[in-house]
2 protein chains.
Amino acid sequence: MITNKLGVHALVFTGGTGPDDVALAVNQAQTAGYDILELSLHDAKNIDTAAAKSALTDAGLDIVCSRGLAFDADISSDDPAVVAKGADLLHYSLQVTHDLGGTLLTGALYSALGKYGHALTATGRSNVVSVLTELAQEARTKGMTLGLEICNRYETNVINTASEALTLADDIGEDNVLIHLDSYHMNIEEDNFVRPVLLVGDRLGYVHIGENHRGYLGSGHLDFTSFFQALAEINYTGSITFESFSSAIVSPTLSNDLAIWRNLWNDGSALAAHAHGYLCALLKANGNDK
Amino acid sequence: MITNKLGVHALVFTGGTGPDDVALAVNQAQTAGYDILELSLHDAKNIDTAAAKSALTDAGLDIVCSRGLAFDADISSDDPAVVAKGADLLHYSLQVTHDLGGTLLTGALYSALGKYGHALTATGRSNVVSVLTELAQEARTKGMTLGLEICNRYETNVINTASEALTLADDIGEDNVLIHLDSYHMNIEEDNFVRPVLLVGDRLGYVHIGENHRGYLGSGHLDFTSFFQALAEINYTGSITFESFSSAIVSPTLSNDLAIWRNLWNDGSALAAHAHGYLCALLKANGNDK
């Protein structure tokens, strides 16, 4: 019995977020053995929350919501109007997550998900801290947690390493703001797969597992052995969610934001089942089979 | 005696491309023991070619020029006017390289250096093939070679893997178009550091060595041992150039294009000397000490 809950990103199964798409993702996540479905809120207004919550409940699946902001609704901007639009998007996304029955909203909550043309400014960083402090306080009233997902340099200019994320979380200073590590981004930005885990320690709130090229786990070169040994070292008991993206499953917006140009697989269900077995094997090898 | 020529990118030393900057980069590259200076042509019109060539000749250094295109001058566009501007930039850059005494123009010659918001179109790809075929034919009349640098998904949507680069080179069909592998980009896109080298084989024309986070070689997690063993396996005798970027040395344009937000080192000269020793050690360990 694996004690960490295992999740899978909905874009493994479908690029849409309408009721039929969510039902399909729920069904396929459950079939592949997962405990959690992760749903991106990039087009949150399209989601039928009542239908989605019902599908999740019927399947006995937990939900985690994730998102990045947009360049015209960005709390790391210097422009107060753009910051306000970003803050609105975050508060709305927190409510959607809550309505879906989720307790964790994570992702690049602190900036647009995209390539910036300049470094973060001091004003922009101060805006991030102030908006996320308010959001964390609101989240606490709902019994919810925020995750700061650490993304690579092409997806944000705010935090690219565990060290930078911890400093940002310190500046926010709310204990329901946790760190979210992602092996795909760590591969680009961190020294290795051990130091960031030990550095974050018990402030680690969520983990994404993706291969270096975002394809089948084990078909790239990432050192998952070291990563899972480090997670065992800090006694991480939280959720671990699999992500993989291929041009075979397209979201009209998110796939372009993530620069998914290549076909790395065609069958999301087969991929998800393989990843579930792979993650269980890694966890079991590290003593998690109580 | 190491037989591969070793190079270093000018942005290790200076963010400018004026005569004093080029003289400084030439001097520091030579001091650190390199055979080649690589100069980006992102602001080619600023370069005093006569002064630069004289500095290179005095120091006994070879020159390699590299560049990406821009979104308004992009041969992978569907818009004939944008393609024409990109073609003009390439022909101008070929001439500048020639004037500097160089015989290799390489980089993302096939697209803007940046994050695309959509996948490559069939028309765009056809435009790439047609413009690069003409450019290669012009290069041949000058005794010059073109390199197709394989960049990651956030820097181009045209070619992200060795396999895709070989197909593009086949479609161009000119034997003075060679493949340029870069360990930093391979880390994101390839299965590992061996397969692409064996796949490219004797069509490999140039190599960039950069750490996963673009800092000191050996301070990240890249498997340079496997990469250099693979280069030895195909008897690669070409040039190998070190790249590293830190917010300590800023080009007003190129640093933002490359998303250089972090300070990974302050002293480019010390970095370059370290990398030269590191590369020599890797080559010597693989029998290259004739």
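A quick note: this is a predicted structure, and the numbers were derived from the prediction, not measured.
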- Counting only heavy atoms not in A:R195, do more than 12 fall under 6.0 Å of its CZ?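 No, because the 6.0 Å sphere around CZ of A:R195 holds 12 heavy atoms or fewer from other groups.
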
- Query: So which of A:N187, A:N192, A:N157, A:N256 has the largest heavy-atom pair count under 4.5 angstrom toward chain B?
  - Reply: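 Maximum pair count with chain B is reached by A:N187.
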
- May I ask you to name which of A:E164, A:K115, A:E211 has the most heavy-atom pairs under 4.5 Å with chain B?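 Of A:E164, A:K115, A:E211, A:K115 has the most heavy-atom pairs under 4.5 Å with chain B.
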
- Item | Qualifying residue for side-chain contact (heavy atoms from CB on, under 4.5 Å) with A:L132, from A:D171, A:I172, A:V177 |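 Option passing the side-chain contact (heavy atoms from CB on, under 4.5 Å) with A:L132: A:I172.
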
- Item | Trace of the ring-ring contact (aromatic ring centres under 6.0 Å, His included) decision for A:H274 with A:Y216 | CA-CA 8 Å; A:H274 169 271; A:Y216 260 75; 4.8 Å; yes

- Query: Do the side chains of A:L90 and A:L69 get nearer than 4.5 Å, heavy atoms only?
  - Reply: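 A:L69 vs A:L90: side chains touch.
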
Check each atom of [X] against the heavy atoms of chain A and say whether the ones under 4.5 Å are side chain, backbone, both or neither.
X      : value
B:T161 : side chain
B:E190 : backbone
B:T156 : backbone
B:L222 : neither
B:D257 : backbone

- Using non-hydrogen atoms only, which part of A:L258 is less than 4.5 Å away from chain B: side chain, backbone, both, or neither?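 For A:L258, the contact with chain B is made by the backbone alone.
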
- Query: Most heavy-atom pairs under 4.5 angstrom with chain A, which of B:T253, B:L120, B:I188?
  - Reply: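 Answer, by heavy-atom pair count under 4.5 Å with chain A: B:I188.
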
- Salt bridge B:D43-B:R67, side-chain N to carboxylate O under 4.0 Å: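 Judged by the 4.0 Å cut-off on N to carboxylate O distance, B:D43 and B:R67 do not form a salt bridge.
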
- Compute the ring centroids of B:Y184 and B:H213, then answer whether they are less than 6.0 Å apart.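 Not close enough - the centres of the two rings lie 6.0 Å or further apart.
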
- With distance as the sole criterion, is a donor-acceptor pair present between the side chains of B:E149 and B:Y206 under 3.5 Å?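 Checked: B:E149/B:Y206 side chains show no N/O donor-acceptor pair below 3.5 Å.
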
